[in-house]
Number of protein chains: 2
Amino acid sequence: MAFAAPSRIRRHTTDPPPDVASGIISRSMKRCAACDHPGFCPTGKLVAPETALASALACTLKRVRRTESLYRAGASFDSLYAIRSGFFKSTVALEDGRDQVIAFHMAGEVLGMDGIGTDSYTADTTALEDSEVCIIPRARLNDPVLQRELFKVMSRELVRDQGVMLLLGSMGSAERLATFLLNLSQRFVARGYSSQEFHLRMTREEIGSYLGLSLETVSRLFSRFHGEGLVCVAQKHIRIQDIDGLRAVTTAANG
Amino acid sequence: MAFAAPSRIRRHTTDPPPDVASGIISRSMKRCAACDHPGFCPTGKLVAPETALASALACTLKRVRRTESLYRAGASFDSLYAIRSGFFKSTVALEDGRDQVIAFHMAGEVLGMDGIGTDSYTADTTALEDSEVCIIPRARLNDPVLQRELFKVMSRELVRDQGVMLLLGSMGSAERLATFLLNLSQRFVARGYSSQEFHLRMTREEIGSYLGLSLETVSRLFSRFHGEGLVCVAQKHIRIQDIDGLRAVTTAANG
DNA sequence: CGGTAGGTTGACAATGGTCAAGCTCGGTGG
DNA sequence: CCACCGAGCTTGACCATTGTCAACCTACCG
């Protein structure tokens with residue numbers, strides 16, 4: 001595979017954030033004084049600028065190891081969590097045992113908002129790599145400054161969900177995967193990482209579950225995209241070779 | 001936009017709510033003093049009990065006729081809307097023209113929350129029958145009492161979206177339609193109407209769009225359910241004959 | 001009473017799922 | 001250091017579900 005072998009850094013220590021884009025990381029963005037990941041301080045995003053630092057300092061951290069769950073569906077709602085570093089998936093289950101990944105989450109995103117309305121979480125949320133979250137106790141939902149920000153976060157989440165419904169309801173398999181890759185790319189770049197090369201933290205099965213496809217279909221599509229020169233895939237390493245080509249796949253009839 | 005004693009307030013006069021379930025309506029639930037639809041006063045749901053009446057009186061009503069849109073994607077966010085009576089659909093569009101129904105809304109539900117995060121709406125929302133909404137100007141988002149309630153409403157909306165993703169991603173066609181019918185039934189009964197007999201306000205095409213199916217598949221499934229004695233379908237009138245049978249369809253492998 | 005939007009049904013095709021076999025890589029223990 | 005093991009991935013063959021196209025029907029509205 002024509003793929004610059006990345007140095008396989010495996011950090012289980014706290015100090016630096018785990019590498020997200022296999023070494024190709026732009027550290028240009030300024031950092032929050034309290035958080036050390038580039039450009040994306042969850043607490044900074046959550047509160048007005050003037051109180052960001054205070055909030056950040058007051059925030060309790062929690063570590064979640066890979067495969068561990070942060071909360072489970074049905075557990076009583078006690079806090080929100082802002083991801084400081086790491087990667088999560090959320091899944092919901094049907095009574096008959098089937099379940100589905102409904103979201104992947106990365107640094108700066110807020111987890112647990114599904115619990116506000118019913119006082120208990122409705123999804124399972126699990127770390128896909130060793131991660132750290134800031135605990136936002138439910139009592140702080142009364143903080144007007146936090147509230148204002150949280151409205152926006154929840155609203156944007158509603159918009160994100162619209163996109164997923166569109167994806168699941170109107171797109172063919174290739175469109176879905178291309179959309180997914182472009183979305184990941186966009187989110188990585190917003191965090192100061194490479195937009196073209198990154199490491200998938202989820203399995204084919206999890207991608208398939210999220211996209212409403214079988215793991216085999218996901219695998220075949222990766223192979224096909226690879227063959228078409230759109231991406232370079234080696235296991236979980238992805239390099240987007242032709243971003244415009246991928247965007248074209250996103251449009252119907254190029255599936 | 002000021003909401004104090006506007007000239008165009010349509011006060012809560014005595015006109016009864018439009019019949020939702022072709023005459024089979026239970027009127028047993030108590031009504032809000034300010035709103036006249038049974039058991040489900042949007043303003044009452046939105047504010048703490050002690051201020052419900054005041055808010056309801058201050059609320060400006062807007063009428064939306066069938067096929068008219070309440071707001072369109074891209075329009076700047078100026079208010080939320082609580083449905084007082086009627087029925088709406090929300091659709092989102094892809095660049096290439098395809099679009100999809102992402103929700104149906106009925107009395108008591110809140111529209112426009114997708115606009116909070118980005119300051120403009122992201123969906124088109126259209127009345128499927130002559131409807132009335134209470135306007136909640138964006139300025140009122142600062143009202144702490146309203147805020148608290150809105151958090152719950154938005155959170156529940158997130159949970160609802162999870163259910164739709166599950167439906168679109170994990171269910172077969174028959175499961176989807178059965179789930180949809182049971183959901184409608186549940187929502188009607190919560191509003192004091194019959195749980196078994198109701199009038200569909202949307203076309204087969206709109207149902208199909210919402211469920212990620214073609215209109216032909218929806219039609220065939222209605223015929224099949226009819227043949228199996230699960231429902232009695234006559235155009236847009238639906239009577240659920242065997243609710244447990246429908247629930248069984250909801251489970252995999254009974255598709 | 002005719003036009004039109006919406007709905008039904010059938011024949012066929014295509015997309016994507018299922019099943020099965022085999023591969024790759026990383027971890028583990030001899 | 002090597003052999004083995006298992007989770008995750010790939011690929012092929014086949015098949016089921018659902019979409020597409022087309023024809024026709026029906027109800028409703030002027």
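In the text below, chain A, chain B and the rest are named by the order of the sequence lines, each starting its count at 1. For the numbers below, each heavy atom of this structure counts, side chains included, while hydrogens, waters and symmetry mates do not.
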Legend entry - Whole-Å distance separating the CG atom of B/L221 from the P atom of C/dG7: 15 Å

Inset, instruction - Give the rounded distance in Å between these two atoms: CZ of B/R224 and P of C/dG7. - result: 20 Å

Legend entry - Backbone of A/C134 reached by a side-chain donor or acceptor of A/R84 within 3.5 Å: no

Inset, instruction - Kindly say whether, by distance alone, the side chain of A/R176 makes a donor-acceptor pair under 3.5 Å with the base of C/dG16? - result: no

Inset, instruction - Name the nucleic acid region contacted by A/S223, choosing base, sugar-phosphate or nothing; use a 4.0 angstrom heavy-atom cut-off, strictly under. - result: sugar-phosphate

Inset, instruction - Would you tell me whether A/T251 and B/D96 have side-chain atoms, one donor and one acceptor, within less than 3.5 Å of each other? - result: no

Legend entry - Length of the CG-P vector between A/L167 and C/dG16, whole Å: 12 Å

Legend entry - Under-4.0 Å side-chain N/O to phosphate OP1/OP2 contact, A/T217 with C/dG17: yes

Legend entry - Donor-acceptor pair under 3.5 Å, A/E205 side chain vs D/dC9 base: no

Inset, instruction - With heavy atoms under 4.0 Å as the rule, sort A/G212 into base, sugar-phosphate or nothing. - result: sugar-phosphate

Inset, instruction - Using a heavy-atom cut-off of under 4.0 Å over every strand shown, decide if A/S219 touches base, sugar-phosphate, or nothing. - result: base

Legend entry - Gap between atoms CZ and P, on A/F222 and D/dT11 respectively (whole Å): 13 Å

Legend entry - Minimum heavy-atom distance B/Y210-B/I102, with the two atoms named: CE1-O, 3.4 Å

Inset, instruction - Please identify each residue that fulfils side-chain hydrogen bond (donor to acceptor under 3.5 Å, both in side chains) with B/R187, with sequence neighbours left out. - result: B/E109, B/N183

Inset, instruction - Verify the distance criterion only: is there a donor paired with an acceptor across the side chains of A/D114 and A/T122 at less than 3.5 Å? - result: yes

Inset, instruction - Measure the distance from CG on B/L168 to P on D/dT18 and round it to the nearest whole Å. - result: 13 Å

Legend entry - Gap between atoms CG and P, on B/L211 and D/dG19 respectively (whole Å): 10 Å

Legend entry - Test item: side-chain donor near acceptor, B/T125 and B/S90, under 3.5 Å: yes

Inset, instruction - Starting from the first five and the last five pairs of the helix from C/dC1-D/dG30 to C/dG30-D/dC1, work out the angle between the resulting helix axes, to 10 degrees. - result: 40°

Inset, instruction - Could you say whether B/V233 or A/M171 is positioned toward the 5' end of DNA chain C, judged by the nucleotide with the nearest heavy atom to each? - result: B/V233

Legend entry - A/R204 vs D/dT10: side-chain N/O to OP1/OP2 distance below 4.0 Å: yes

Inset, instruction - Using the six-membered ring wherever Trp is involved, compare the ring planes of A/F180 and A/F104 and label them parallel, tilted or perpendicular (cut-offs 30° and 60°). - result: tilted

Legend entry - Parallel, tilted or perpendicular, as decided by the 30° and 60° cut-offs, for the rings of A/Y121 and A/Y71: parallel

Legend entry - Heavy-atom donor-acceptor pair, B/R220 side-chain to C/dG7 base, under 3.5 Å: no

Inset, instruction - Looking at every strand, decide which applies to B/L213 at a 4.0 Å heavy-atom threshold: base, sugar-phosphate, or nothing. - result: sugar-phosphate

Inset, instruction - To the nearest Å, give me how far apart CD (A/Q235) and P (C/dC23) are. - result: 15 Å

Inset, instruction - Give a yes or no on whether a donor-acceptor pair under 3.5 Å exists between the nucleobase atoms of D/dC21, that is its base, and the side chain of B/E216. - result: yes

Inset, instruction - Calculate the interatomic distance between B/H237 atom NE2 and C/dG6 atom C1'; express it in whole Å. - result: 15 Å

Legend entry - Sugar-phosphate, base or nothing in reach of B/T203, heavy atoms under 4.0 Å: sugar-phosphate

